[in-house]
Protein chains: 2
Amino acid sequence: MSADESRWLNDEEHATWLALAGLMVQLSSALDAQLQRDAGISHFEYQVLAGLSMAPERTRRMSTLAAFADGSLSRLSHTVKRLEKQGWVYRTPDPADGRYTLAVLTDTGWDKVVATAPGHVAEVRRLVFDPLTKAQQKQLREAGHRINKAINPDTRCPGAGNC
Amino acid sequence: MSADESRWLNDEEHATWLALAGLMVQLSSALDAQLQRDAGISHFEYQVLAGLSMAPERTRRMSTLAAFADGSLSRLSHTVKRLEKQGWVYRTPDPADGRYTLAVLTDTGWDKVVATAPGHVAEVRRLVFDPLTKAQQKQLREAGHRINKAINPDTRCPGAGNC
DNA sequence: TAGCTTAACTTGAAGTTTCAACCCACCGAG
DNA sequence: CTCGGTGGGTTGAAACTTCAAGTTAAGCTA
């Protein structure tokens, strides 16, 4: 990248990178596996359902939902079509502005979230929080924020706009 | 999960979880995007090529390579077929034991890695190491190890069998 | 009000990953 | 030495994601 053939990673950095890369792959696939096994849905589908379950009226615009679930609008559109077929969600044009589409969680969909969430949270707790001390959790949070800020300099905060 | 409706995440835990989840999605997609833009390959393909480039004789068994790149054997098989079509890799049965297949990096493939790696490492450095202090890097590494151990209690170490 | 532009989706095709079935080289038992 | 078992690898189909249009509602301009 630069004149001197670009600084390689030293041993410590390399170990850190392996730990982080391993974490990203393993953790997300472990959580995916738990959801698939216990609820028959993917992590992305879970995020969509959970996103709706937390919204007022259990309703959100597709574009907002896509941002919340960290996916493209196209991906969300295909996914919601599948969820619709399951009877968990339905779509309707926004009465206030016909360009938007509102996704709404049905009662059946709500039941699905209620049945699924506790097991998923338990798995997150088992894999992420149980093995860490309070101090380590704080450090991890801080490091995560810094990296996220490096990726998204503008946005005030990570994925879902909290802080 | 348990009697009392399964412990939910408190505010601090929730913030930590959002930071970590955001990190996993954003970082991997940012690195994917860099590779796609600058080299026209996916992160998985890069890992395969890089894995071969670091191996003795630029050669590895498919199963070893799959473990190194954190992917299924089937996924690797399809991927290597594509890389073969590009002329970057070829496959040959292991002369020592015909059940194994050896994947070998060609000279063209080597050139591809050499052309691609510095830019990729620079991006990792920019997004992960530059924003963290030395101490934070160490803490992140430690937390990553612990989480990885929770996911893989048996394996002595994360993804690629180093340590 | 007609025409242009923009932005939010949707859609179908192409590309990738997963899943389940299959093939085959080696090994060990009889 | 042959027969079954085991494990590495491949393959094709189904499922999913991405990509490049296409559609439509709203706003703006004349």
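Within every chain, numbering begins at 1; the chains are lettered A, B, ... in the order of the sequence lines, protein sequences first and strands thereafter.
Heavy-atom nearest nucleotides on DNA chain D were determined for Ser72(A) and for Thr64(B), and the one closer to the 5' end corresponds to Thr64(B). Between Gln36(A) and Leu102(A), the one whose closest nucleotide on DNA chain C sits nearer the 5' end is Leu102(A). In terms of position along DNA chain D, the nucleotide closest to Leu76(B) lies nearer the 5' end than the nucleotide closest to the other residue of the pair Leu76(B) and His78(A).
Within a 6.0 Å sphere centred on CD of Gln86(A), other residues, nucleotides and ligands contribute more than 12 heavy atoms.
Of all nucleotides listed (dA26(D), dC9(C), dT18(C)), dT18(C) comes nearest to the side chain of Arg75(B). Comparing dC19(D), dC16(D), dA26(D) against the side chain of Ser74(A) picks out dC19(D) as the nearest. Closest to the Arg91(B) side chain, of the nucleotides dA8(C), dG8(D), dT10(D), is dT10(D). Of the candidate nucleotides dT17(C), dA25(C), dA8(C), dA8(C) has the atom nearest to the side chain of Leu73(A). Nearest to the side chain of Arg99(A), among dT10(D), dA26(D), dT17(D), sits dA26(D).
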Between the protein and nucleotides 2-4 of chain D, list every N/O to N/O distance that falls short of 3.5 Å.
none

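Atom OH in Tyr90(A) sits roughly 16 Å away from atom P in dC9(C) (whole-Å rounding). Atom P of nucleotide dA15(D) and atom CG of Leu83(A) are separated by 15 Å, given to the nearest angstrom. Rounded to a whole Å, the CD atom of Gln47(A) is 12 Å from the P atom of dT17(D). Atom CG in Asp70(A) sits roughly 14 Å away from atom P in dT17(D) (whole-Å rounding). In this structure, NE2 of His43(B) is placed 17 Å from P of dT16(C), rounded to the nearest angstrom. Regarding Tyr100(A), its OH atom lies at a distance of 16 Å from the P atom of dT6(C), rounded to whole Å. Residue Leu65(A) contributes atom CG, which lies 16 Å from atom C1' of dT10(C) at whole-angstrom precision. Atom CZ in Phe44(B) sits roughly 17 Å away from atom C1' in dT17(D) (whole-Å rounding).
Taking CG from Leu31(A) and OG from Ser42(A), the interatomic distance works out to 12.5 Å, rounded to the nearest 0.5 Å. Distance check: Asp94(B) CG to Arg99(B) CZ gives 10.0 Å after rounding to the nearest 0.5 Å.
Here Lys81(B) does not reach the OP1 or OP2 of dT16(C): none of its side-chain N or O atoms lies under 4.0 Å away.
A 4.5 Å side-chain heavy-atom check between His120(B) and Gln34(B) finds at least one atom pair inside the cut-off. The side-chain heavy atoms of Leu73(B) and Met62(B), taken from C-beta on, include a pair separated by under 4.5 Å. Side-chain contact between Leu83(A) and Val48(A): present, with at least one pair of heavy atoms (C-beta onward) separated by less than 4.5 Å. Between Val114(B) and Ser53(B) the shortest side-chain heavy-atom distance does not fall below 4.5 Å.
Within 4.0 Å (heavy atoms only), Ser77(B) reaches at least one base atom of the nucleic acid. In this structure, Ser63(A) reaches the sugar-phosphate backbone alone: every heavy-atom distance under 4.0 Å involves primed, P, OP1 or OP2 atoms, never a base. Nucleic acid contact for Thr101(A): sugar-phosphate only, since backbone atoms but no base atoms lie under 4.0 Å from a heavy atom of the residue.
Side-chain heavy atoms closer than 4.5 Å link hydrophobic residues (I, L, V, M, F, W, Y) into clusters, and following such links, even through other members, never connects Phe44(B) to Val25(A).
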